[in-house]
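Note sheet for the following structure.
Just so you know, ligand 1 is whichever comes first in the structure, and atom 1 is the first atom listed for that ligand.
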Amino acid sequence: MICQNDNHLTQLVNKAKTLTKNGKVADYIPALAEANKADLSIAIYSVEGACLKAGEVQTTFTLQSISKVLSLALVLMDHGQEYVFNRVGMEPTGDPFNSIAKLETIKPSKPLNPMINAGALAVTNMIKGKTKDEKIERLLAFIQTLTNNSSVSVCERVARSEFNHAWLNRSMCYFLKEHGIIEGDVEALMEVYTKQCAIEMNCYDLAKIGAVLALNGVHPDTKEQVIPERIARLCKTFMVTCGMYNASGEFAIKVGIPAKSGVAGGILAIVPNKYGIGVYGPALDERGNSIAGCKLLEMISEEHSLSIF
Ligand code: GLU
């Protein structure tokens with residue numbers, strides 16, 4: 001097991017924690033602005049089922065953009081690759097996650113990848129279900145299977161707060177509707193998407209999701225194939241190329257493992273065949289990634305030569 005024990009991991013957390021003062025919690029919606037900037041926690045779940053933890057591991061946070069990996073896995077299971085990639089691309093972008101710019105310059109218009117908001121909205125629109133409630137329930141049930149924890153749920157307060165402020169995401173939806181990428185009612189899609197982003201858990205649950213992906217879709221607890229291998233690999237590939245917003249290149253150089261961050265401060269990281277890692281640190285750098293979380297992963301990766309490259 002890496003990091004020898006919880007004590008050593010705690011030392012690394014305390015070291016990385018000094019960076020939190022240089023970051024800023026997300027304040028684009030009131031419910032996220034309440035986070036405690038100094039928090040930093042990590043769980044490392046080995047595929048054999050052992051777990052190292054440090055920091056306030058019980059603190060819960062909303063997945064935000066991390067959910068984009070999981071909705072992608074679900075729609076690929078729902079529809080297959082051809083259907084999904086006819087509507088969303090596979091290329092990274094150097095633009096911020098919520099940029100609308102490339103939608104107009106790329107012909108025919110199609111979001112560049114499923115990790116930026118435009119692509120993620122198109123993906124969420126593809127979740128199978130007769131009603132908006134059925135769609136979010138299916139996604140939540142899938143995530144409960146991955147975490148092996150049926151108490152994982154939607155934080156309605158964060159979902160509502162985001163729903164009431166998501167003007168840019170709404171405008172992207174209307175643009176995508178104009179170009180035939182999404183269909184149906186935009187308000188219903190916004191409800192599913194904001195609830196998806198507001199799915200809440202702690203970094204132990206997140207680490208377990210990482211362990212499933214580390215095992216290419218096999219659940220470490222139940223040994224069941226809960227995501228087809230090809231889809232698990234594909235999700236990890238997107239995490240490497242686009243998972244850390246427009247800092248994905250730098251993260252690949254400094255840390256070198258598949259990872260996906262969210263604006264609430266979570267990071268889901270994977271050491272293939274070995275570990276799932278969940279990190280929470282709400283102080284963000286200027287590109288929207290957990291400032292201390294990235295440093296912590298960099299230190300662990302360096303110490304244990306975890307880079308896949
Ligand atoms: N709910 C956020 C949004 O769509 C997610 C952003 C993020 O975590 O990057 O704006």
So which protein heavy atom does [atom] come closest to, and at what separation?
atom: atom 7 (C) of ligand 1; value: S65 OG, 2.6 Å
atom: atom 4 (O) of ligand 1; value: Y193 OH, 2.7 Å
atom: atom 3 (C) of ligand 1; value: E162 OE2, 3.2 Å
atom: atom 5 (C) of ligand 1; value: Q64 OE1, 3.5 Å
atom: atom 10 (O) of ligand 1; value: N117 ND2, 3.3 Å

TODO: Take S150 and Q144, measure what side-chain hydrogen bond (donor to acceptor under 3.5 Å, both in side chains) needs, and give me the verdict at the end.
DONE: CA-CA 5 Å; S150 57; Q144 288 172 340; 5.9 Å; no
Task: Aromatic plane relationship, Y204 with Y45 - under 30° parallel, 30 to 60° tilted, over 60° perpendicular - done: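 Judged by the thresholds at 30° and 60°, the geometry between Y45 and Y204 is perpendicular.
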For ligand 1, which atoms sit closer than 4.0 Å to a heavy atom of [X]?
X: G262; answer: 8 (O)
X: Y245; answer: 7 (C), 8 (O), 9 (O)
X: C197; answer: 1 (N)

Quick check against the 3.5 Å criterion: does [X] have a side-chain atom that pairs as donor or acceptor with the backbone of [Y]?
X: S301; Y: V255; result: yes
X: D205; Y: M201; result: no
X: K177; Y: G184; result: yes

- [ ] Indicate, as side chain, backbone, both or neither, the part of N169 found under 4.0 angstrom from ligand 1 when only non-hydrogen atoms are considered.
- [x]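 Within the 4.0 Å criterion, N169 contacts ligand 1 through side-chain atoms alone.
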Open item on the list: How close do K260 and M239 get, counting heavy atoms only, and between which atoms?
Closed with: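 In this case the closest contact between K260 and M239 is N-CE, 3.6 Å.
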Open item on the list: Rounded to the nearest 0.5 Å, what separates atom CD1 in I66 from atom SG in C197?
Closed with: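 Here the rounded value is 10.5 Å.
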